[in-house]
Undergrad: 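Got a structure for you, questions after.
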Amino acid sequence: MHQATSVTELRQYVQHWKDHAQTIAFIPTMGNLHAGHISLIEKGQSLSDRTICSIFVNPMQFGPNEDWDHYPRTLDKDIALLEANGCDLVYLPSASELYPEGLERISHVQVTDLTDDYEGAHRPGHFTGVATVVLKLFNIVKPDVSVFGRKDYQQYRVISKMVEDFNLDVQIIGQETTREASGLATSSRNQYLDDAQKQQAALIYQVLQRTAQQIDKGERDFEMLQARATGELQEAGFKTDYFCICNAENLLPATTEDRDLVILVTAAIGQTRLLDNIEISLW
Ligand code: PAF
């Protein structure tokens, strides 16, 4: 597996592959890789000739009270995992190259409509940081396709909207969430859970599934379903910031006319805030 740390170096590899008519899939990450990331790499491999993964703990998407310094950095393990899974190149940009004048002076990408609520409300400025770094990475790597996990559903929609709004020439693929046997969505944050908390966390997906089944069977009182699910999670000891049945495209609260829905939820156990969702098609 090749490694590139500068834009110039990265572009040399990409140019060489493009000269040989090879297509490129790109998977941006912040490292601390797990099975969910590997499924993104595998998806990329199935769609293109070459797969590039970037590892960059992007300071711009962390709020002042969020711990950028303490974000888990496991570079050697990540590189070994990427190598073992046949990734062609890992790109390890430096903050000084991506943000040469610091975070204050860089132009920002503000994706409208999708970023005010849910994670956007909980983490002001977060999606501006995500969209800005992803646009930069797309312009550096120039991939044909880029794969994002549907677990971070709002992020996946934000990136898709940015690509649409700015006519970017890259296809965005939303990869299905990888789950543990209990149904718990695979996430870097799961490492902060002890065994009992992990067992407890399985309830999140069970509640999502039960709510989705009720909608599937024809229940359309979304407020009642949301209140019931939130109650169930809170009774089990979770703190929920939101449990919202939404239109899957614009993420507005669902109406009875909507056919493609997504239920977005965050549920925290202790200090660990878990995100999950379930998509429902009523066609
Ligand atoms: O999902 C992530 O890990 C990050 O938000 C991303 C897309 C790599 C941007 O820093």
Side-chain angles (χ1 to χ4, degrees), residues 4 7 10 25-41 43-44 51-63 66-75 77-79 81-82 87 89-99 103 106-111 114-115 118-120 122-141 143 145-163 166 168 170-178 185-192 264 266 273-277:
V7 174
L10 184 276
F26 175 51
I27 291 91
T29 80
M30 299 210 298
N32 199 226
L33 304 179
H34 51 65
H37 295 108
I38 298 308
S39 86
L40 307 184
I41 302 281
K43 185 70 179 181
T51 303
I52 299 178
C53 175
S54 65
I55 299 180
F56 178 63
V57 185
N58 173 33
M60 199 177 172
Q61 68 190 73
F62 286 76
E66 295 174 353
D67 227 350
W68 176 83
D69 281 338
H70 290 103
Y71 193 84
R73 287 161 172 86
T74 51
L75 192 57
K77 217 171 124 230
D78 293 346
I79 289 175
L81 198 61
L82 290 174
C87 179
L89 188 155
V90 61
Y91 175 41
L92 307 166
S94 66
S96 59
E97 197 177 25
L98 288 189
Y99 303 120
L103 297 180
I106 185 97
S107 303
H108 291 178
V109 180
Q110 181 93 49
V111 177
L114 295 174
T115 54
Y118 320 113
E119 287 312 281
H122 191 82
R123 307 177 67 185
H126 170 69
F127 285 120
T128 298
V130 171
T132 302
V133 81
V134 171
L135 179 63
K136 284 174 71 73
L137 292 168
F138 281 173
N139 283 330
I140 293 166
V141 177
V145 297
S146 187
V147 191
F148 289 80
R150 293 178 101 93
K151 171 171 168 297
D152 295 312
Y153 190 85
Q154 191 176 10
Q155 168 171 283
Y156 157 65
R157 285 295 310 133
V158 166
I159 299 300
S160 303
K161 178 127 197 309
M162 175 180 79
V163 165
F166 292 120
L168 302 182
V170 54
Q171 188 190 357
I172 301 301
I173 306 292
Q175 170 70 351
E176 237 176 79
T177 304
T178 306
T186 310
S187 162
S188 310
R189 295 182 188 172
N190 295 355
Q191 66 195 311
Y192 303 121
L264 303 177
T266 63
R273 195 164 165 274
L274 301 169
L275 258 78
D276 205 349
N277 66 76

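Read the numbers this way: they start at 1 and go in the same order the structure lists the ligands and their atoms. Numbering starts at 1 and runs along the sequence shown.
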Undergrad: For a quick test of reading the model, state the closest non-hydrogen atom pair linking Q61 to R123 and the distance between them.
TA: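 Residues Q61 and R123, closest heavy atoms: O-NH2, 3.7 Å.
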Undergrad: Do the charged groups of R273 and E119 touch, with an N to O distance under 4.0 Å?
TA: yes
Undergrad: Who's the nearest protein heavy-atom neighbour of atom 3 (O) of ligand 1, and how far?
TA: M30 CG, 3.6 Å
Undergrad: If we check side chain to side chain contact (heavy atoms under 4.5 Å, CB included) with I27, which of these qualifies: V145, T51, L33?
TA: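 Output: one option passes, namely T51.
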Undergrad: Any non-hydrogen side-chain atom of H34 less than 4.5 Å from a side-chain atom of H37?
TA: yes
Undergrad: Considering only heavy atoms of V133, which atoms of ligand 1 have at least one such atom less than 4.0 Å away?
TA: 9 (C), 10 (O)
Undergrad: For ligand 1, which part of I159 has a heavy atom less than 4.0 Å away: the side chain, the backbone, both, or neither?
TA: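 Neither; no heavy atom under 4.0 Å.
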Undergrad: Among all protein heavy atoms in this structure, tell me which lies nearest to atom 1 (O) of ligand 1, with the distance rounded to 0.1 Å.
TA: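 Answer, as residue, atom name and distance: Q155 NE2, 2.8 Å.
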Undergrad: Taking distance alone, with N or O pairs closer than 3.5 Å, would you say Q61 contacts ligand 1?
TA: yes
Undergrad: Going by atom types only, do Y99 and N58 share a side-chain donor-acceptor pair under 3.5 Å?
TA: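 There is such a pair between these side chains.
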